[in-house]
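Working notes, structure below.
Note that the structure is a prediction, hence the values are computed from the model and not measured. When a residue number appears, it is its place in the shown sequence, counting from 1.
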Amino acid sequence: AKGSRRSNAKSAGLVIVESPAKARTIEKYLGKGFRVMASVGHVVDLPASRFGVDIANSFEPEYVTIRGKKKVLDALKKGAEQAQAVYLAPDPDREGEAIAWHIANAIRRKNPNIKRATFNEITEQAVRRAIEEPTEIDEDLFARDIEKVEARGRETGFTLRGTGKPDGLDDFDTPGFGKMKWHRFL
C-alpha cells in the first residue's frame with residue numbers, strides 16, 4: 001500500500017503474560033522494542049472427550065488446544081516469530097509454570113530463544129529486573145506438580161466411574177481426593 005513500509009526488523013522481545021490488563025501495563029513499563037501479549041490463561045489442556053493420558057508410557061499426557069484458543073495461540077506464534085527473544089511471564093506459581101511450559105512447547109519452532117521471566121509485583125522495577133535476569137522454565141516443577149497430578153487424577157476419575165468420560169473426579173473435587181492431592185504440599 002502506498003505510504004506504508006513493512007519492516008522485517010525483529011522486536012527486541014515478546015513478553016507473554018496471562019492477563020490483557022497486565023499486558024497493557026507491562027508494555028508501558030518496557031517501552032519501545034518490546035511487545036507484550038496475553039495468553040488469557042491456559043492455551044492447551046487434556047482432551048475433554050477422551051482419557052488423554054498414556055498410562056503405559058509414564059503417564060504421558062496428550063495435550064490439545066483449548067476450544068477458542070487457536071487464534072490466541074496463532075497470534076503468540078506469529079509474535080514469537082517476529083521477536084529476537086520470547087519472555088514467558090505467566091504468574092510465578094505451579095499453574096503459571098504449566099502455562100509457560102505449554103506456550104514454550106507451542107512456539108519453540110517459531111523462536112527457540114525462550115526465557116522465563118518471573119516477578120511477584122507489577123512494578124516497573126520488578127518487570128525490568130525479570131527481563132534483565134531471566135531464568136529457564138522449571139521443568140521439574142511442571143512435570144512433578146502439574147503434569148503428573150493432572151494425569152493421575154484423570155486416571156482416578158476415569159477408573160472409578162468406568163465411563164470413559166471426564167466427570168469432575170479428574171479435578172479432585174471430592175474431599176478425599178482433595179486431601180490426597182494437597183497432602184503432598186503440606
Side-chain angles (χ1 to χ4, degrees), residues 12-19 22-23 26 34-48 50-66 69-70 72-81 83-122 126-157 166 170-172 177-178 180-186:
L14 169 65
V15 179
I16 301 174
V17 296
E18 292 179 55
S19 155
K22 276 186 197 175
I26 292 169
F34 280 90
R35 182 172 181 197
V36 184
M37 300 176 75
S39 70
V40 195
H42 289 276
V43 292
V44 298
D45 198 0
L46 295 171
R50 60 186 181 282
F51 193 50
V53 178
D54 186 351
I55 298 170
N57 188 17
S58 300
F59 289 89
E60 187 68 32
E62 172 204 347
Y63 290 106
V64 296
T65 303
I66 295 171
K69 292 292 187 126
K70 183 180 180 339
V72 172
L73 201 50
D74 288 345
L76 295 176
K77 288 176 184 178
K78 185 174 182 178
E81 195 170 37
Q84 292 176 16
V86 178
Y87 299 87
L88 300 174
D91 295 343
D93 55 19
R94 291 182 303 111
E95 188 174 10
E97 208 66 29
I99 292 169
W101 190 91
H102 289 302
I103 292 171
N105 194 45
I107 67 173
R108 188 166 277 117
R109 287 186 182 165
K110 299 293 182 181
N111 188 335
N113 190 12
I114 299 170
K115 302 168 186 321
R116 181 74 163 103
T118 57
F119 40 84
N120 292 310
E121 57 185 358
I122 310 294
V127 170
R128 286 189 179 278
R129 184 178 21 245
I131 298 300
E132 291 167 5
E133 301 171 8
T135 61
E136 300 294 322
I137 293 173
D138 186 338
E139 298 280 342
D140 290 336
L141 178 62
F142 170 71
R144 186 178 62 249
D145 292 334
I146 300 296
E147 186 174 316
K148 301 298 182 186
V149 170
E150 285 181 12
R152 290 198 174 115
R154 182 161 278 227
E155 176 197 19
T156 303
D170 58 312
D171 291 327
F172 294 99
F177 290 123
M180 285 170 42
K181 176 181 178 182
W182 292 110
H183 176 70
R184 295 177 41 172
F185 307 111
L186 298 176

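Using a 4.5 Å heavy-atom cutoff, the side chains of I66 and V43 are not in contact. Considering only heavy atoms from C-beta on, M37 comes within 4.5 Å of L76 through its side chain. Looking at E18 and D91, their side chains come closer than 4.5 Å, going by heavy atoms from C-beta outward. With a 4.5 Å cut-off on side-chain heavy atoms, P92 and F119 do not count as touching. Within the 4.5 Å cutoff, no side-chain heavy atoms of F34 are placed close to those of V127. Using a 4.5 Å heavy-atom threshold, the side chains of I122 and K22 count as touching. Between V44 and V64 there is no side-chain heavy-atom pair separated by less than 4.5 Å. Side chains of L46 and Y63 form a contact here, defined as non-hydrogen atoms less than 4.5 Å apart.
Here the closest heavy-atom approach between residue I99 and residue P90 is recorded as CG2-CG, 3.8 Å. The two residues I103 and S39 come nearest to each other via the heavy atoms CD1-CB, 3.7 Å.
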Below 3.5 Å, can you tabulate the donor-acceptor pairs from side chains in residues 104-111 to any protein atom, sequence neighbours excluded?
{"residue": "N111", "atom": "OD1", "partner": "N113", "partner atom": "N", "Å": "2.8"}
{"residue": "N111", "atom": "ND2", "partner": "A80", "partner atom": "O", "Å": "3.0"}
{"residue": "N111", "atom": "ND2", "partner": "A83", "partner atom": "O", "Å": "2.7"}

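Between the K69 side chain and the H42 main chain, a donor and an acceptor come within less than 3.5 Å of each other.
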Candidate pair S19 and V40, rule side chain to side chain contact (heavy atoms under 4.5 Å, CB included), full reasoning: CA-CA 5 Å; S19 155; V40 195; over 6 Å; no
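Listed by chain and number, the residues in a salt bridge (Lys or Arg N to Asp or Glu O under 4.0 Å) with R116 are E97 (sequence neighbours excluded). Every residue two or more places apart in sequence or in another chain that forms a salt bridge (Lys or Arg N to Asp or Glu O under 4.0 Å) with D74 is listed here: K70.
Annotation: Q84, atom CD; neighbour count of heavy atoms from other residues, nucleotides and ligands within 6.0 Å is above 12.
In this structure, the separation between OG1 on T118 and CZ on R129 is 10.5 Å, given to the nearest 0.5 Å. Distance check, rounded to the nearest 0.5 Å: CD1 of I137 to CD1 of I114 gives 6.5 Å. Within the model, atoms CG of L14 and NZ of K78 stand 13.0 Å from one another, a figure rounded to the nearest 0.5 Å.
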